[in-house]
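What follows is a short report on a single structure.
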Amino acid sequence: MEQVANVIVDVPAMQTNQPYSYLIPAPLKHTVELGMRVAVPFGRGNRMIQGFVVGFSEVDPTAQENVQLKMIKAVLDLKPVLNQELISLSAWLAHQAYAFQITVLQAMLPSMFRAKYKKYLRPIDEINDPEIQQLFAGRELIEYDETQFTPEQVSKLTKLQREGCLEFYYEVNNQAKAKTRLGIKSLLDFEQLEEARSGLTKAAHKQSGLLSLLQTLAPEQVVAKEQILATYDISEAVITTGAKKGWLAKVPMEIYRDPMANYDIKPSQALTLQPDQQAALTAINDAAGQAETFLLEGVTGSGKTEVYLQAMQHTLAQGRTALMLVPEIALTPQMMVRVRSRFGQQVAVLHSGLSVGERYDEWRRIERGEAKVVVGARSAVFAPLDNIGLIIMDEEHETTYKQEENPRYHARDVAMWRSQYYQAPIVLGSATPSLESRARAQKGVYQLLRMPKRINQQVMPAVEIVDMREEIKKGPESTFSEALLTALKARLARGEQSVLMLNRRGFSSFMMCRDCGYVLQCPNCDIGLTLHMDTHSMKCHYCGHEEGIPKMCPNCQSTAIRYYGTGTQKVEQELHELLPEARILRMDLDTTRKKGAHENMLTAFGAHEADILLGTQMIAKGLDFPLVTLVGVLNADTALGLPDFHAAERTFQLLTQVAGRAGRAELPGEVYVQTYNPDHYAIQLAKAHDYEQFYQQEMQLRHLAKYPPYFFTIKLQGSDLDERTAAQNMSQIGRWLKKRLPADTIFLGPTPRSIARINQRYYYQIVIKYRHQNELDQVLNELLERAQSVGRNAFQLSIDREPVSFM
DNA sequence: AGCACGCCGACT
DNA sequence: GTCGGCGTGCTC
């Protein structure tokens with residue numbers, strides 16, 4: 001019997017979604033460990049690819065089915081990048097998210113662990129063709145890049161390869177590299193130092209200083225060269241002399257790229273808790289060591305963060321680690337700063353704003369156990385923490401926790417799995433919990449902790465609902481109601497700040513011809529193009545297609561073509577005209593694309609460099625500015641019109657969240673909500689700050705319409721270049737599923753997607769509503785296997801569990 | 001995914 | 001008759 005490694009290979013396809021067995025060459029017998037990355041030959045061409053060792057098994061190497069086993073070529077890691085927990089998690093998640101295990105593994109690790117592949121050509125026999133000889137120019141190996149050669153050369157090369165004169169040589173390049181800096185290490189013991197000192201002339205003060213410094217170092221201690229230059233009166237030249245004389249050695253020193261290096265963080269102490277907070281904290285602390293789920297329902301300003309911090313403190317004190325998830329940390333540096341100020345260097349942060357290198361370094365600090373607390377966005381749920389004692393998920397209702405690409409996982413599901421694995425409590429916190437979570441708390445599956453009061457006796461801001469239908473009657477169409485404009489002017493006069501939110505980026509700024517009604521469309525997708533004033537172009541939000549602004553209608557050649565709708569840019573313009581003296585800061589995807597732009601803008605606004613902050617949804621999250629006393633929502637109902645059962649829930653959450661931005665300090669806050677649906681319950685209950693009432697009412701509707709949390713949902717999406725193929729295949733899939741799923745399963749569709757064509761492909765979808773988990777996973781995984789895509793252009797199927805959007 | 005093998009049309 | 005076009009199927 002011989003040990004073989006079970007390897008998940010880097011080929012994201014249904015057919016290869018299984019471990020492959022590889023022999024371990026003798027010299028690597030003790031090197032290969034579970035969870036390491038390896039380079040293995042794969043396929044008939046034996047191209048070299050990366051794989052993950054997910055297990056070992058004993059096989060008889062002489063048995064018929066094992067004689068063709070190939071051997072691991074190389075080990076890519078010094079120590080494993082995955083442990084047993086993460087391997088088990090990846091297998092489970094692949095199944096439950098209908099994804100390939102390799103896709104899950106890639107999603108769990110920093111992108112630096114992704115392999116870079118290179119293909120080379122190597123002559124192994126005499127080549128007579130002068131053109132090809134010239135290509136090699138005497139070299140033993142040349143990089144093979146198909147785009148670099150003419151088609152004639154490519155065919156010559158493949159022919160030579162078939163004749164055995166040439167071979168392809170593959171390489172897997174590991175890009176995971178630590179950043180290093182030059183360090184200094186003493187080579188002398190005490191006596192040698194004394195000896196060296198006595199050999200110096202009296203004038204050599206600097207060299208003598210260097211020797212004194214070396215004397216203070218412990219054996220093998222490495223000091224950064226920069227640090228020596230900065231703190232001691234020793235120059236580069238003296239160090240070089242020291243190295244020449246053999247006193248010291250220059251050694252590379254691994255350093256971490258610290259994403260929070262530019263923040264001024266002062267240590268903070270635990271604050272005194274209100275009775276509600278204390279009760280919540282006690283409940284969480286008492287659950288230590290148990291996989292208990294808490295739903296912490298606390299209004300904005302009730303002090304949820306302080307409860308999190310003190311619960312984490314308790315966990316750390318017990319020698320366990322803590323994981324804290326936040327919607328998108330780059331948007332809320334304030335949260336990172338708060339955690340860091342409480343726990344210092346043992347905090348690692350993981351979010352999309354980090355550079356590839358910073359992310360890798362933070363990951364290693366966690367993996368090495370140097371960071372005991374992790375704060376991060378969605379993918380931080382895979383942080384390689386060991387011995388997790390507490391998981392916190394702030395703003396648990398946020399949709400950013402669901403990944404919209406493969407693997408389509410929800411961070412909450414992963415967090416629950418890890419909570420079970422480590423027997424650690426998990427806290428889901430929100431002012432407006434998702435209906436799913438709130439319902440589970442109702443049933444007693446989760447323990448409900450409520451904090452209905454704001455700390456410091458602050459009152460909730462007054463919410464004014466402005467009926468825009470009335471505004472239209474009053475006069476010319478404007479984005480701003482009289483009431484909101486008056487309120488804005490009042491803040492300007494008092495030197496206070498305002499925040500204005502516009503639902504959705506570039507919200508329907510489309511070009512329409514006044515004469516024939518033609519709307520400028522994307523040539524690849526069935527959707528109107530959106531006007532972007534900053535680049536003076538029309539863009540498609542789905543495929544990225546971009547073209548110039550037309551001066552003439554492409555349909556009827558009329559020049560009466562103009563744009564309609566409201567985008568942040570247009571609102572900014574309008575605001576400039578209405579309030580020329582106001583300093584306006586516009587924040588949307590277009591102005592914050594650059595790294596750090598978001599933060600800089602918030603800092604500027606915090607320093608009162610602007611009077612009005614105008615932005616999209618992104619400004620709703622966790623901002624705290626004492627001077628902000630007015631929040632305006634320009635169009636509260638854009639989401640209400642969407643054909644999605646989440647519409648009311650999302651609107652309620654958004655309004656509650658922005659309303660919380662007003663008056664969090666001494667100054668009382670006011671909120672203006674402009675809407676065409678002033679009587680809608682989501683808007684009325686947001687005004688009343690009444691989540692519980694909203695929950696009751698929305699649950700009734702969900703019950704009647706058979707939607708979550710009463711039913712589970714799955715969205716199946718099929719696409720094809722040919723519309724009929726897409727439709728037919730989806731119908732067939734629908735029939736196939738109906739035969740296999742319980743009779744109380746509800747099928748909606750297949751219907752064309754609301755935007756039926758994206759990037760030349762036609763989309764059809766089926767939504768399944770079901771009550772029982774049972775066989776569904778099995779049946780859908782089987783479906784995925786049967787409907788596996790054959791090539792890029794063929795029919796493709798994707799399965800999305802509990803989709804965030806039904807569009 | 002990417003590579004080899006295999007079966008059909010347009011060339012020397 | 002062969003070269004090379006792409007469609008099909010397999011990868012420890």
Side-chain angles (χ1 to χ4, degrees), chain A residues 1-25 28 32 34 36-75 94 99-107 114-122 129 143-147 149-173 405-407 720-722 725 784-798:
Chain A
M1 293 301 262
E2 185 166 348
Q3 198 178 46
V4 292
N6 305 127
V7 176
I8 295 287
V9 293
D10 185 13
V11 182
M14 199 71 234
Q15 301 96 309
T16 52
N17 188 29
Q18 49 164 324
Y20 285 86
S21 307
Y22 281 91
L23 298 169
I24 305 165
L28 295 181
V32 179
L34 187 75
M36 279 182 170
R37 293 174 306 147
V38 288
V40 291
F42 195 68
R44 283 188 270 211
N46 277 330
R47 70 201 162 94
M48 229 29 91
I49 57 169
Q50 178 177 289
F52 292 88
V53 177
V54 296
F56 295 98
S57 42
E58 297 286 330
V59 300
D60 175 3
T62 57
Q64 188 58 45
E65 73 272 19
N66 293 329
V67 286
Q68 81 288 11
L69 288 185
K70 293 177 185 175
M71 232 181 249
I72 288 176
K73 173 78 182 306
V75 174
F100 309 128
Q101 198 175 351
I102 187 65
T103 315
V104 175
L105 290 171
Q106 306 277 31
R114 210 158 289 184
K116 277 265 194 304
Y117 296 110
K118 269 195 174 165
K119 204 171 154 182
Y120 299 90
L121 274 173
R122 180 160 58 189
D129 191 300
E143 199 177 327
Y144 180 78
D145 179 357
E146 241 167 289
T147 57
F149 302 117
T150 64
E152 293 76 44
Q153 287 174 323
V154 172
S155 71
K156 271 184 186 171
L157 288 168
T158 39
K159 196 177 160 194
L160 282 164
Q161 192 236 154
R162 235 172 285 159
E163 288 164 2
C165 299
L166 266 181
E167 70 170 3
F168 285 108
Y169 170 79
Y170 301 89
E171 212 170 70
V172 180
N173 286 332
E405 298 119 49
N406 282 324
D720 198 280
L721 291 172
D722 176 53
T725 312
L784 207 54
E785 223 164 294
R786 286 164 163 262
Q788 56 186 266
S789 59
V790 198
R792 225 182 307 280
N793 292 328
F795 178 80
Q796 284 171 9
L797 179 70
S798 79

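Order of the sequence lines fixes the chain letters, A, B, ..., with proteins taken first and strands second; residue numbering starts at 1 for each chain.
Distances shown here put every side-chain N or O of A:Gln18 at or beyond 4.0 Å from the OP1 or OP2 atom of C:dT11. Dashed line: the shortest gap from a side-chain N or O of A:Tyr170 to OP1 or OP2 of B:dC3 is under 4.0 Å. A close approach under 4.0 Å does occur between a side-chain nitrogen or oxygen of A:Lys119 and OP1 or OP2 of B:dC3.
To the nearest angstrom, C1' of B:dG2 lies 15 Å from CD1 of A:Ile102. Residue A:Phe42 contributes atom CZ, which lies 10 Å from atom C1' of B:dA1 at whole-angstrom precision. Counting to the nearest Å, the P atom of B:dA4 and the CZ atom of A:Phe168 are 7 Å from each other. Distance, A:Ile49 CD1 to B:dG2 C1': 10 Å, rounded to whole Å. In this structure, CG of A:Leu157 is placed 16 Å from C1' of B:dC3, rounded to the nearest angstrom. One interatomic measurement links the two molecules: CE of A:Met14 to P of B:dG2, which rounds to 19 Å at whole-angstrom precision. In this entry the distance linking CG of A:Leu69 with P of C:dT11 reads 12 Å, nearest Å. A:Met48 has its CE atom 11 Å from the P atom of C:dC12, to the nearest Å.
Residues A:Val59 and A:Asn66 come closest through the heavy atom pair CB-ND2, 3.6 Å.
A:Ile8 CD1 to A:Arg37 CZ: the interatomic distance, rounded to the nearest 0.5 Å, is 15.5 Å. Once rounded to the nearest 0.5 Å, the distance linking CD of A:Gln68 with CG of A:Leu23 reads 9.5 Å.
Residues A:Lys159 and A:Arg47 both approach DNA chain C. Their nearest nucleotides, taken by heavy-atom distance, put A:Lys159 toward the 5′ side.
Checking each of A:Phe168, A:Tyr170, A:Tyr120 against A:Tyr144 for a ring pair (Phe, Tyr, Trp, His ring centres under 6.0 Å) leaves exactly one that passes, namely A:Phe168.
Put simply, the side chain of A:Tyr22 gets close to the backbone of A:Pro41: a donor and an acceptor are under 3.5 Å apart.
Here the nucleotide nearest the side chain of A:Gln161, chosen from B:dA4, C:dC12, B:dA1, is B:dA4. Closest approach to the A:Arg44 side chain among C:dC12, B:dA1, C:dG9 is made by C:dG9 (side chain taken as heavy atoms from C-beta onward).
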